[in-house]
Amino acid sequence: MVPEKLTEPFSWRSPKLVFVNSMSDLFQAGVPDEYTEAVSRVMAAADWHTYQVLTKRAQRLRNLLSGKLRFAAEKENIWWGVSVEDRKYGLPRIDHLRQAPAKVRFLSIEPLLEDLGEIDLSGITWVIVGGESGPGARPMKREWVISIRQQCQNQGVPFFFKQWGGVRKKQNGRLLDDRTYDEYPSRVSRPVPERAACIAFAEEFGKSLQASALHP
């Protein structure tokens with residue numbers, strides 16, 4: 001947790017697509033509700049950016065979005081997602097996500113470790129698929145990917161194929177049937193406020209953090 005960096009989105013002068021926690025989990029048990037709420041308030045206020053929030057703690061995501069984060073759940077510029085790697089642990093997270101009152105819900109099926117079978121994509125806005133990479137990467141079979149792609153097409157869900165992965169992921173690339181799949185949900189376009197307004201909000205938000213237990 002780095003509360004002094006929370007106001008950075010107000011300094012960016014062009015709209016960005018932000019992966020909020022690419023190396024962390026905002027809903028991990030060690031992250032206080034108050035910090036998760038502070039992050040969400042920044043995302044809701046700086047709504048000219050689009051934010052992707054990914055978690056494996058789908059039950060806590062559902063509970064918070066249904067409660068104190070309800071103000072952020074329905075924001076079109078905040079995309080809430082869960083990781084789905086297999087049937088045992090991954091598929092149940094989809095139901096928890098679907099129970100959350102989120103405006104935009106997505107699945108990160110990466111790494112895809114087995115055939116997931118039939119997937120209920122009702123209420124899901126976007127699906128990302130990718131293989132595991134790095135030393136000891138477990139293989140991903142083509143037919144698993146094709147099955148998900150077909151289900152997305154049948155159910156009208158944008159499909160993004162990230163990579164085949166493997167020990168040499170760059171060499172394996174991201175072509176699927178000789179083409180790339182870079183489909184995204186629609187992004188809301190909003191003008192960036194004047195710099196003075198952004199600075200004023202950032203300063204006010206910073207003061208509120210300093211007055212709370214979140215600030216070191």
Practice task
State, yes or no, whether a side-chain contact exists between V84 and V127 at a heavy-atom distance under 4.5 Å.
Solution key: no
Between P101 and S66 the two heavy atoms that sit nearest each other are CD-OG, 3.4 Å
Checking Y35 side chain against V2 main chain: does a donor-acceptor pair fall under 3.5 Å? yes
Scanning both residues in full, the closest heavy-atom pair of D115 with R87 reads O-NE, 2.8 Å
For Q52, the side chain to side chain donor-acceptor pair (under 3.5 Å) test, sequence neighbours excluded, returns none
| request: Determine whether V104 and I78 fall in the same hydrophobic cluster, where Ile, Leu, Val, Met, Phe, Trp and Tyr are linked whenever their side-chain heavy atoms lie under 4.5 Å apart. | output: no
Residue pairs passing the side chain to side chain donor-acceptor pair (under 3.5 Å) test with at least one member in residues 183-200, sequence neighbours excluded, are T50-R187
- Message: Is the shortest side-chain heavy-atom distance between I124 and I94 below 4.5 Å?
- Response: yes
Heavy atoms, side chains only, cut-off 4.5 Å: are Q163 and S133 in contact?
yes
Quick note, salt bridge (charged side-chain N to carboxylate O under 4.0 Å, His left out) partners involving residues 90-100, not counting sequence neighbours, are E85-R93, D95-R98, R98-D120
Residues passing the ring-ring contact (aromatic ring centres under 6.0 Å, His included) test with W80, sequence neighbours excluded, are none
With sequence neighbours left out, the residues meeting side chain to side chain donor-acceptor pair (under 3.5 Å) with Q59 are none
Contacts satisfying salt bridge (charged side-chain N to carboxylate O under 4.0 Å, His left out) that involve residues 122-139 (not counting sequence neighbours) are E132-R138
**Asked** Can you hop from L112 to I146 via hydrophobic side chains spaced under 4.5 Å?
**Response** yes
Quick one: are P32 and M1 in side-chain contact, heavy atoms under 4.5 Å?
yes
Is a donor on one side and an acceptor on the other found under 3.5 Å between the side chain of D25 and the backbone of K56? yes
Within 45 degrees of the ring normal and closer than 6.0 Å to the centroid, is that where the cationic atom of R41 sits relative to F71? yes
Worksheet item: Does the side chain of I148 reach to within under 4.5 Å of the side chain of F159, using non-hydrogen atoms?
Response: yes
For this session: Kindly work out whether a path of hydrophobic side-chain contacts (I/L/V/M/F/W/Y, heavy atoms less than 4.5 Å apart) joins W12 to V42.
Result: yes
Minimal heavy-atom distance between G206 and T7, with the atoms involved, is N-CG2, 4.5 Å
Closest heavy-atom pair, L54 versus S108, reported as atoms and distance to 0.1 Å, is CD1-CB, 3.7 Å
Taken in chain and number order and not counting sequence neighbours, the residues that satisfy ring-ring contact (aromatic ring centres under 6.0 Å, His included) with F27 are none
Are W79 and V39 linked, directly or through other ILVMFWY residues, by side chains that come within less than 4.5 angstrom of each other?
no
Are there more than 12 heavy atoms of other residues, nucleotides or ligands under 6.0 Å from atom CZ of F19? yes
What's the verdict on salt bridge (charged side-chain N to carboxylate O under 4.0 Å, His left out) for K207 and E203, showing C-alpha distance, side-chain angles and the deciding distance? CA-CA 6 Å; K207 291 177 182 178; E203 290 178 348; 5.8 Å; no
Query raised in the report: Would you say T55's side chain and R57's backbone share a donor-acceptor pair under 3.5 angstrom?
Result: yes
request  = Quick one: sort the F10 and F201 rings into parallel, tilted or perpendicular, breaks at 30° and 60°.
outcome  = tilted
Just checking E118: does its CD atom have more than 12 heavy atoms from other residues, nucleotides or ligands closer to it than 6.0 angstrom? no
- prompt: Should the ring pair Y51 and H49 be called parallel, tilted or perpendicular, given that the plane angle runs from 0 to 90° and is split at 30 and 60?
  reply: perpendicular
On a heavy-atom basis, the closest approach of A38 and L6 is CB-CD1, 4.0 Å
> Is any side-chain heavy atom of W164 closer than 4.5 Å to a side-chain heavy atom of L176?
Replying inline: yes
So salt bridge (charged side-chain N to carboxylate O under 4.0 Å, His left out) across residues 64-73, not counting sequence neighbours, yields D33-K68, R70-E74
With no hydrogens and no angle check, do the side chains of Q151 and S147 hold a donor and an acceptor under 3.5 Å apart?
-> yes
- Shared ILVMFWY cluster between F160 and L107, side chains joined below 4.5 angstrom? no
From the list I128, L116, V82, V145, side-chain contact (heavy atoms from CB on, under 4.5 Å) with I109 holds only for L116
I would like to know whether Y181 and R149 meet side-chain contact (heavy atoms from CB on, under 4.5 Å); could you show each step before the answer? CA-CA 9 Å; Y181 286 85; R149 181 190 66 182; 2.9 Å; yes
Heavy-atom nearest pair, P185 first then T125, reads CB-CG2, 3.8 Å
Hits for side-chain contact (heavy atoms from CB on, under 4.5 Å) against P193, two or more places apart or cross-chain, chain-then-number order -> W48, A197, C198
Check your understanding: Is the closest side-chain heavy-atom distance between T180 and L175 below 4.5 Å?
Key -> yes
Sorted by chain and number, sequence neighbours left out, side chain to side chain donor-acceptor pair (under 3.5 Å) with E114 holds for none
Only pairs under 3.5 Å count here: list side-chain donor-acceptor contacts from residues 165-173, not counting sequence neighbours, and write none if there are none.
residue	atom	partner	partner atom	Å
N172	ND2	G165	O	2.6
N172	ND2	R168	O	3.4

* To do: Check whether any side-chain heavy atom of R13 lies under 4.5 Å from a side-chain heavy atom of V192, and answer yes or no.
  => yes
Value for CZ (R60) from CG (L65), rounded to nearest 0.5 Å, stands at 11.0 Å
Salt bridge (charged side-chain N to carboxylate O under 4.0 Å, His left out) pairs touching residues 100-112, sequence neighbours excluded, are E110-K162
